[in-house]
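Every heavy atom of this structure was used, including side-chain atoms; hydrogens, water molecules and symmetry mates were not.
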Amino acid sequence: MTPRQIATNQAVMQCDVCGRTLLRGEQPAVFLAGGSRRNVCELCTPRATHEGWIREGLAVEELGVRQRGRERRGSLLARLRARRDGHPARRPAPPEPEPEPVPVPVIPREEYLAPPPPPEPRHVHAVPTNADMKRSRAVDVFNGSDRPRTVAALSRSLGAPFVVVRPSETEGAIVNIVVGWELCWYRYEVDLADEAAGVRQTAQGDELSELDPADTVPNAAADERGELQLVSV
């Protein structure tokens, strides 16, 4: 079998900077240097620019910039010669007038002397002075929170807990709630002056001996939903 030779019509071009033969389909960038056109591959384009070669298509713009530079230098030399020969120099253009100041709005005296609006009132509940009422309200706040779900989940594993609801001896608006089993206990706090803050867990432990004796005397119970109910002692 006679081997076939495939010939293309594409002319072989080389980069005039590195001498590399351009691949098929690779288009060179054309630069002007020394009055002739030079083919430059994309890798050598920065080098050609650094050597002062002018890329074709930018030559006209580059020459225009140089021509304007010569014209500016010529006009400067003409002004210097005129000043040296005694001719009066052309007066500079008068400065542009400054813009008129923007008037500042005048605020009526009664507006900036008016007192600031009062702050939004804080929703503070009246704290009952009776201990039984404090316990009852604290139980309502506890049952309205998500704490009963925790109590119900533990009760399914550990059995029914003992519950102690006791107002704080030092802070009149605070009621402490202790929920405990033989293996663990939790202490919660309810602020009756700010019931929107909800129920806060303040402590927990694994031994009932860690509790104060007053926190081990039950006066409430928890049902299957974990909600608390006061009982008579």
Side-chain angles (χ1 to χ4, degrees), residues 1-123 145-147 149-150 153 191 194 196-204:
M1 178 181 296
T2 304
R4 297 176 60 186
Q5 296 183 353
I6 300 175
T8 62
N9 296 328
Q10 183 179 5
V12 178
M13 289 184 292
Q14 291 182 336
C15 176
D16 291 329
V17 176
C18 64
R20 179 178 64 87
T21 301
L22 272 65
L23 302 176
R24 182 179 181 183
E26 185 178 3
Q27 296 297 328
V30 180
F31 282 77
L32 300 179
S36 61
R37 302 171 76 249
R38 307 289 178 91
N39 294 324
V40 179
C41 67
E42 290 296 330
L43 298 177
C44 296
T45 299
R47 182 177 174 183
T49 304
H50 181 73
E51 294 293 333
W53 296 6
I54 301 175
R55 191 162 186 166
E56 191 178 44
L58 300 179
V60 176
E61 180 180 353
E62 180 71 17
L63 293 175
V65 172
R66 294 180 181 177
Q67 182 64 27
R68 289 194 296 271
R70 287 195 296 268
E71 291 177 356
R72 286 196 295 270
R73 289 194 297 270
S75 59
L76 177 61
L77 291 175
R79 291 197 300 270
L80 293 176
R81 292 193 187 97
R83 183 177 299 177
R84 183 187 61 188
D85 297 339
H87 297 289
R90 186 169 57 182
R91 295 182 180 180
E96 297 182 359
E98 297 182 358
E100 297 182 359
V102 179
V104 179
V106 179
I107 302 177
R109 184 173 182 271
E110 58 273 11
E111 290 188 11
Y112 63 79
L113 292 180
E120 296 184 0
R122 181 186 177 191
H123 297 286
S145 67
D146 59 349
R147 302 296 181 177
R149 289 187 298 178
T150 303
D191 187 356
D194 187 13
V199 182
R200 187 168 63 95
Q201 179 180 326
T202 58
Q204 71 177 75

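At least one side-chain heavy atom of T202 sits under 4.5 Å from a side-chain heavy atom of R200. Residues W53 and V17 have side chains in contact (heavy-atom distance under 4.5 Å, counting atoms from C-beta outward).
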Quick one: side chains of residues 34-48, donor-acceptor pairs under 3.5 Å with protein atoms, not counting sequence neighbours, listed by atom name and distance.
{"from": "S36", "atom 1": "OG", "to": "A33", "atom 2": "O", "distance (Å)": "3.1"}
{"from": "S36", "atom 1": "OG", "to": "R38", "atom 2": "NE", "distance (Å)": "3.1"}
{"from": "R37", "atom 1": "NE", "to": "E56", "atom 2": "OE2", "distance (Å)": "3.1"}
{"from": "R37", "atom 1": "NH2", "to": "E56", "atom 2": "OE1", "distance (Å)": "3.2"}
{"from": "T45", "atom 1": "OG1", "to": "C41", "atom 2": "O", "distance (Å)": "3.2"}
{"from": "T45", "atom 1": "OG1", "to": "E42", "atom 2": "O", "distance (Å)": "3.4"}

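For the salt bridge (Lys or Arg N to Asp or Glu O under 4.0 Å) condition, the pairs that include at least one residue of residues 11-20, sequence neighbours left out, are R20-E26.
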